[in-house]
Amino acid sequence: MNPNQPVALITGAARGIGRSIALNLAEAGYAIVANDLSFPPSGGNESGLRREVEDRNSRFHPVELDISDLDRHDRLIRESLDAFGRIDFLVNNAGIAPARRLDILETTPESYDRLMEVNARGPFFLSQRVGRLMIRQKASLGSDYRPGIVFITSISAAVSSPSRAEYCVSKAALSHAAALFAHRLAEHGIGVYEIRPGIIRTAMTEPVRKKYDRLIEEGLVPQNRWGCPEDIGKAVASLARGDFAFATGSVFEISGGMQMRRLE
Ligand code: NAD
């Protein structure tokens with residue numbers, strides 16, 4: 001393993017899209033700091049992910065914490081630096097759906113606040129801290145250091161679903177945060193990108209699997225299938241490799257063509 005490997009910090013990496021991002025970035029040569037709410041001691045087990053990362057000849061460090069707890073962001077950054085000495089790439093992936101889908105006329109302030117805290121406020125302030133660190137590291141590490149930040153938002157940043165309005169609002173806020181950080185950090189050579197996944201088969205979409213099976217069968221997705229975590233993991237790895245080095249502030253929708261307005 002290369003001790004000078006670039007380092008990626010991925011939030012919500014225990015399963016689903018975040019896990020695939022971690023594995024694709026390990027494959028692309030990054031050491032992996034994987035954050036998740038569900039790692040020990042809170043629950044779960046990170047040994048499977050560790051093995052898969054190490055099988056890709058990469059280094060792995062797990063950090064258990066709730067990304068909405070801003071007081072613990074310092075610890076996340078400190079642990080990343082203690083483990084691997086630098087952070088090159090941040091992927092703001094951790095996110096939650098409403099515990100219960102309720103119509104916009106019924107939904108609660110508690111659900112609204114929780115989604116905003118996890119999906120928008122947490123990644124906003126983590127990116128602020130990591131952005132400041134990246135500016136300092138750029139000065140010390142020189143031209144080999146190619147920092148970047150990715151925000152995993154959703155088609156829900158722009159598509160209306162009144163049965164989970166707070167999710168849509170949180171992702172619209174996160175989308176604008178991505179644009180703002182892209183603008184502010186461009187002069188420091190830090191690329192910032194938004195990835196908007198469409199309908200991806202993960203634990204998050206399991207409760208509505210049958211509904212989406214039917215909608216996809218009826219033609220909702222032009223490419224006529226569910227997305228899989230690998231569709232997103234590969235796209236993030238492509239950004240990390242620098243394939244889109246002149247595209248900061250871009251929005252990449254990965255939804256099998258759902259962004260197309262259609263008339264047939
Ligand atoms: P998932 O529920 O399968 O996995 C999310 C992971 O994030 C879990 O391991 C969970 O423990 C972790 N997590 C949740 N809250 C956290 C917190 N506060 N702090 C730290 N970790 C936390 O979800 P997924 O489908 O893999 O979604 C990943 C991201 O992609 C989310 O931001 C989601 O909104 C977004 N997204 C998903 C879809 C989809 O169809 N699955 C579509 C568009 C966008």
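Atoms within each ligand, like the ligands themselves, are counted from 1 in listed order.
- More than 12 heavy atoms of other shown residues, nucleotides or ligands fall within 6.0 angstrom of atom NE2 in His73.
- Val7 is connected to Ile67 through a chain of hydrophobic side-chain contacts under 4.5 Å among Ile, Leu, Val, Met, Phe, Trp and Tyr, so both are in one cluster.
- A ring-ring contact (aromatic ring centres under 6.0 Å, His included) check over residues 117-142, counting only residues at least two apart or in different chains, returns the pairs Phe124-Phe181.
- Side chain to side chain, Ser161 and Arg101 fail the donor-acceptor criterion of an N or O pair below 3.5 Å.
- Protein residues having at least one heavy atom under 4.0 Å from any atom of ligand 1 are Gly12, Ala14, Arg15, Gly16, Ile17, Asn35, Asp36, Leu37, Ser38, Leu65, Asp66, Ile67, Asn93, Ala94, Gly95, Ile96, Val118, Ile152, Thr153, Ser154, Tyr167, Lys171, Pro197, Gly198, Ile199, Ile200, Thr202, Ala203, Met204, Thr205, listed by chain and number.
- By the side chain to side chain contact (heavy atoms under 4.5 Å, CB included) test, Arg100 is found to be paired with Leu102, residues two or more places apart in sequence or in another chain being considered.
- For Ser47, the side chain to side chain donor-acceptor pair (under 3.5 Å) partners two or more places apart in sequence, or in a different chain, are Asn45.
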